[in-house]
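Quick notes on the structure that follows.
FYI, the numbering just counts along the sequence from 1. Just follow the structure's listing: the first ligand is 1, and inside any ligand the first atom is 1.
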Amino acid sequence: MRADALLSRFGYCSRREASLWLRAGRVLFRGSAVTTSSVQVDPHEVTVDGAAVPFVDGLYVALHKPLGYTCSHSQDEGAPTVYDLLPSEWLRRNPSVQSVGRLDKETSGLLLLTDDGYFLHSLTSPRHHIDKKYEYTTTADVPDEAEELFSSGSFLLKGEKIPCAPATLERLSPRHGYLTLHEGRYHQVRRMLAAVGAPVDSLHRLSIGSVSLDSLHLSPGEWIPFNPRLFTDEK
Ligand code: URA
């Protein structure tokens, strides 16, 4: 790719600013300075300010989303966003970095982020039934019949015409347990539990597919790169 396209693709600067970066000798290809915008370079062999270009073949990171952060790209709500937790140059990458689905502001847990539109769509598509496991606490007891109701495949959420796909409820105590979903509808866990008279008090996503937050050893706010094949090979 062209040197100026590389600088803008990976979020260093705009294509217009690229010539300044190049003239300043900040960009090396195979160890030699690239001084012309139109020069073709292999991003795997480029350094900018002495460092290799990160995530040349796509950015895939797993984040432990803390409570109180939104998954929005704008700060309209006045709350911090998950993007505030990432290096700022990643946010200027083009294509942009997006979360794979969203977690509510008051939900913590495992969130995937990527700049790979194909990966994002394949994981969020309704055809891709990847398990998402949540740990909840509620402010009222979850009734006995909820387990069967949620697993039936005929449970209808208020205002919806298509029943929820079968979901697995494991109650550890009357107000604490796990709910595993195979789809991702708006506020789905909160709406399902509220519908059986047990409003959610706290919600945390433990895992997506076979990848659990525990196995990644991430504290709230921390992230780590992951291999996308961990998810796509599960299809
Ligand atoms: N279900 C919810 O209600 N909220 C989330 O953040 C995720 C799933």
Side-chain angles (χ1 to χ4, degrees), residues 61-86 97-114 120-143 146-147 149-153 155-160 162-172 175-214 216 218-223 231:
V61 294
L63 170 77
H64 184 160
K65 177 192 172 297
L67 286 176
Y69 282 67
T70 70
C71 291
S72 164
H73 265 289
S74 71
Q75 269 176 333
D76 290 351
E77 291 177 47
T81 83
V82 292
Y83 300 103
D84 296 333
L85 299 166
L86 306 177
V97 176
Q98 312 270 354
S99 65
V100 179
R102 289 183 171 209
L103 290 176
D104 303 334
K105 185 174 156 201
E106 295 313 330
T107 302
S108 56
L110 179 59
L111 184 73
L112 305 179
L113 295 135
T114 187
L120 190 145
H121 287 114
S122 71
L123 252 73
T124 49
S125 142
R127 284 188 301 280
H128 191 118
H129 301 295
I130 194 157
D131 288 357
K132 280 156 284 198
K133 184 171 183 177
Y134 297 87
E135 181 171 10
Y136 66 82
T137 61
T138 53
T139 56
D141 293 0
V142 177
E147 253 169 62
L149 192 61
F150 290 168
S151 66
S152 66
F155 175 70
L156 263 184
L157 280 168
K158 208 168 165 191
E160 296 201 1
I162 300 171
C164 291
T168 310
L169 178 68
E170 296 163 74
R171 285 177 303 158
L172 302 174
R175 297 185 183 193
H176 176 209
Y178 304 128
L179 183 59
T180 304
L181 303 182
H182 314 286
E183 55 184 351
R185 302 189 193 191
Y186 181 67
H187 288 176
Q188 188 167 352
V189 175
R190 291 174 198 275
R191 289 163 70 208
M192 288 174 77
L193 288 165
V196 295
V200 163
D201 193 29
S202 68
L203 190 59
H204 178 75
R205 182 150 68 193
L206 294 166
S207 59
I208 301 175
S210 58
V211 178
S212 72
L213 202 47
D214 269 2
L216 299 173
L218 295 174
S219 300
E222 287 184 343
W223 51 263
F231 297 91

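Considering only heavy atoms from C-beta on, Met192 comes within 4.5 Å of Leu181 through its side chain. Using a 4.5 Å heavy-atom threshold, the side chains of Leu110 and Leu206 count as separate. Side-chain contact between Thr107 and Arg190 is present, with at least one heavy-atom pair separated by less than 4.5 Å. Taking 4.5 Å as the limit, some side-chain heavy atom of Leu169 sits within range of a side-chain heavy atom of Tyr136.
Contact atoms of ligand 1 toward Leu103: 6 (O), 7 (C) (distance under 4.0 Å to a heavy atom of the residue). For ligand 1 and Asp104, the ligand atoms under 4.0 Å from any heavy atom of the residue are 2 (C), 3 (O), 4 (N), 5 (C), 6 (O). Distances below 4.0 Å separate heavy atoms of Tyr134 from the following atoms of ligand 1: 7 (C), 8 (C).
Heavy atoms of Thr107 found under 4.0 angstrom from ligand 1 belong exclusively to the side chain. Of the heavy atoms in Leu203, only side-chain atoms (C-beta onward) come closer than 4.0 Å to ligand 1.
The closest approach between Tyr186 and ligand 1 stays at or above 4.0 Å for every heavy atom of the residue.
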Does Thr81 form a side chain to side chain donor-acceptor pair (under 3.5 Å) with Ser72? I'd like the steps, not just the answer. CA-CA 6 Å; Thr81 83; Ser72 164; over 6 Å; no
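Of all protein heavy atoms, the one closest to atom 1 (N) of ligand 1 is Val189 N, 3.1 Å.
The shortest N or O to N or O distance between Arg190 and ligand 1 is under 3.5 Å.
Checked by atom type and distance alone, the side chain of Arg191 never pairs as donor or acceptor with a backbone atom of Leu157 at under 3.5 Å.
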